[in-house]
Amino acid sequence: MSVYVGNLSYEVTPEDLTQVFAEYGSVKRVQIPTDRETGRVRGFAFVEMSSEEEETAAIEALDGAEWMGRGLKVNKAKPKEDRGGGGGGGRRGRY
DNA sequence: CCTGAGCGT
């Protein structure tokens, strides 16, 4: 379960996202990936909560809302591909 | 690596 958050400010921190999302549920983790080529943030983040209903509540409450002078974008994130399968404990779905 | 699309080690 993960939530996609876009159109963020480049000055935003995971702590700020946690404080905002904590208003609608228990934030389990906040992830802000950076570009592997430059290392700068792309302006989006991922938020994981304890329950999917909490994520939905946060999405309905924060999507389209103005935050830090930016139009906040919140949606259901696409299932991330398991990249940890490369070394050990990975996709043992061997043919 | 300094910017504006939107989905990640």
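Here is the naming used below: chain letters follow the sequence lines, and residue numbers restart at 1 for every chain.
One distance of note links OH of A:Tyr24 with CD of A:Glu60; it measures 11.5 Å at 0.5 Å rounding.
Between the A:Glu54 side chain and the A:Ser26 main chain, a donor and an acceptor come within less than 3.5 Å of each other. Without hydrogens or angle criteria, A:Asn7 side chain to A:Leu72 main chain gives no donor-acceptor distance under 3.5 Å.
In this structure the side chain of A:Lys76 reaches within 4.5 angstrom of the side chain of A:Ile59, judged on heavy atoms. In this structure, the side chains of A:Glu55 and A:Met49 come closer than 4.5 Å at one or more pairs of heavy atoms.
Residue contacts shown for A:Thr34 are limited to sugar-phosphate atoms, with no base heavy atom under 4.0 Å away.
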Go along nucleotides 1-7 of chain B 5' to 3' and tag each nucleotide: B for a protein heavy atom under 4.0 Å from its base, S when only backbone or sugar atoms are that close, - otherwise.
BSBBBBB

